[in-house]
Colleague: 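What follows is a single structure, and I will ask about it in a moment.
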There are 2 protein chains.
Amino acid sequence: MSNSSKDLDHLIELMAKLPGLGPRSARRAVLHMVKKRALLMTPLADVLAEVAVTVRECLNCGNIGTADTCDICQNPKRENGEICVVEEVSDLWAMERSHMFKGRYHVLGGTLSALDAIGPDELRIPRLLRRVRDENVTEVILALNATIDGQTTAHYIADQLGDVRVSTLAQGVPIGGELDYLDDGTITAALRARKTL
Amino acid sequence: MSNSSKDLDHLIELMAKLPGLGPRSARRAVLHMVKKRALLMTPLADVLAEVAVTVRECLNCGNIGTADTCDICQNPKRENGEICVVEEVSDLWAMERSHMFKGRYHVLGGTLSALDAIGPDELRIPRLLRRVRDENVTEVILALNATIDGQTTAHYIADQLGDVRVSTLAQGVPIGGELDYLDDGTITAALRARKTL
Ligand SMILES: [Zn+2]
Ligand SMILES: [Zn+2]
């Protein structure tokens, strides 16, 4: 490296660890920020410092936010009896961008995987079962990725849930497709055409 | 947007303004940082805040650093009578990565351009002429991009410099090529084979 400051070198080194950036794009990003110090670098430093201190997982659903309970779980309008189960926070965000789902979420934190020795207790499955028992849940929508592990996990959860209506995203989700890569319209269509398991 | 926190939304929005990142990669970068809070997010927030306050242009050469005079201009070992003239700080960094040049730099801040009405006074050309007069300069190496504006600027500067030896990067720099995109070996070769103008 050896640019002209240890701090600048360190900044570039850390930026290069972000997914999608490498050393070259990290250098360009840093030079861009230096040129836009007041409009970009300083606000980014401020909000990053704030988020680094405040960000946490929602104790209820596993979404991330800046309070013990996330904005969605705190919003009484979202308590409509529907819980949408997703693998990761990025999937929750993808669902939110479709503006179709008005209920609450449950973020598993992954899928069951025999290979990686991930069982129900490694995920937020026990907490999901408790929520379905304790909250006034009428429908659980399983919005898991259309991968083998995702579908195995969906069937495992459906088996555990018993009486409550369980549906799954249907039309529009391509085989092997991950929610976060789909366009918002596809997600909307899949949610509209969801089928009961 | 509407993730589950205004701060998170704001962070994603600002990250998406970095070159090479868009909304999707900004979201992925933020989720990655959240997962690596102690190892990545907090250190990045710290160094970004530090750099946002301290970064400045070197009053002598135009490089960026965290003091009024950059590390290279402060280093007496780099005062060997050679000044390498580049367009942008990113070009200076590219030269440094080649580890070939042991002198000092001068960052013009662009090129002459009739179209954009950029004359010598819009660049750091008057300051370069002063440095060549005042410092003990024996050779000026013009490491400008192999573009029309870059070469026009090189010839303009060579004309102004008078007695001092002026050379330019030669072998290896492709036509239309920008220094920052070249591999380090190419830059090394071009510097070795530099020719007197
Ligand atoms: Zn929540
Ligand atoms: Zn300097």
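Order of the sequence lines sets the chain letters (A, B, ...), proteins ahead of strands, with each chain counted from 1.
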Colleague: Against chain A, label B/L31 side chain, backbone, both or neither, depending on which of its atoms sit under 4.5 Å from a heavy atom there.
Modeller: side chain
Colleague: Would you compute the distance between atom OG of A/S90 and atom CZ of B/R24 and round it to the nearest 0.5 angstrom?
Modeller: 10.0 Å
Colleague: Ignoring hydrogens and geometry, is there a side-chain-to-backbone donor-acceptor pair from B/R37 to A/A52 under 3.5 Å?
Modeller: yes
Colleague: Once you round to the nearest 0.5 Å, how far does CD of B/E13 lie from CG of A/L44?
Modeller: 11.0 Å
Colleague: Given a strict heavy-atom distance threshold of 4.5 Å, which part of B/E57 is in contact with chain A: side chain, backbone, both, or neither?
Modeller: neither
Colleague: Is there a path of hydrophobic side-chain contacts, each under 4.5 Å between heavy atoms of I, L, V, M, F, W or Y residues, that connects A/L128 with A/V164?
Modeller: yes
Colleague: Which bit of B/M15 comes within less than 4.5 Å of chain A, counting heavy atoms only: side chain, backbone, both or neither?
Modeller: both
Colleague: Under a 4.5 Å heavy-atom cutoff, which of B/G20, B/A29, B/A38 has the most pairs with chain A?
Modeller: B/A29
Colleague: Does A/V47 reach the side chain of B/L8, with side-chain heavy atoms less than 4.5 Å apart?
Modeller: no
Colleague: Let's test your reading of the structure: which of A/R56, A/E50, A/Q74 forms the most heavy-atom pairs below 4.5 Å with chain B?
Modeller: A/E50
Colleague: In this structure, are over 12 heavy atoms from other groups packed under 6.0 Å from A/Q151 atom CD?
Modeller: yes
Colleague: Less than 4.5 Å apart, any side-chain heavy atom of B/K17 and any of A/M33?
Modeller: no
Colleague: To the closest 0.5 Å, what do you measure between CG (B/D9) and CH2 (A/W93)?
Modeller: 8.0 Å
Colleague: Looking at A/L48, A/L21, A/L39, which has the largest count of heavy-atom pairs under 4.5 Å with chain B?
Modeller: A/L48
Colleague: CG/B/L14 to CE/A/M41 distance, rounded to the nearest 0.5 angstrom?
Modeller: 12.5 Å
Colleague: Other residues, nucleotides and ligands only: do more than 12 of their heavy atoms fall within 6.0 Å of CG on B/D134?
Modeller: yes
Colleague: Using the rule given for side-chain contact (heavy atoms from CB on, under 4.5 Å), can you reason through B/T42 versus A/V53, listing the C-alpha separation, both sets of side-chain angles and the distance that settles it, and then say yes or no?
Modeller: CA-CA 8 Å; B/T42 302; A/V53 171; over 6 Å; no
Colleague: Does B/N136 have more than 12 heavy atoms from other residues, nucleotides or ligands lying within 6.0 Å of its CG?
Modeller: no
Colleague: Would the distance check show the side chain of A/R28 and the main-chain N or O of B/L18 forming a donor-acceptor pair, the cut-off being under 3.5 Å?
Modeller: no
Colleague: What I'd like to find out is whether the side chain of B/D7 reaches to under 4.5 Å of the side chain of A/V55, using heavy atoms alone.
Modeller: no
Colleague: Where do A/T66 and B/S5 come nearest, in terms of heavy atoms and distance?
Modeller: CG2-OG, 3.6 Å
Colleague: Applying the 4.5 Å side-chain criterion to the ILVMFWY set and letting contacts propagate, would A/L59 and A/I72 be lumped into a single cluster?
Modeller: no
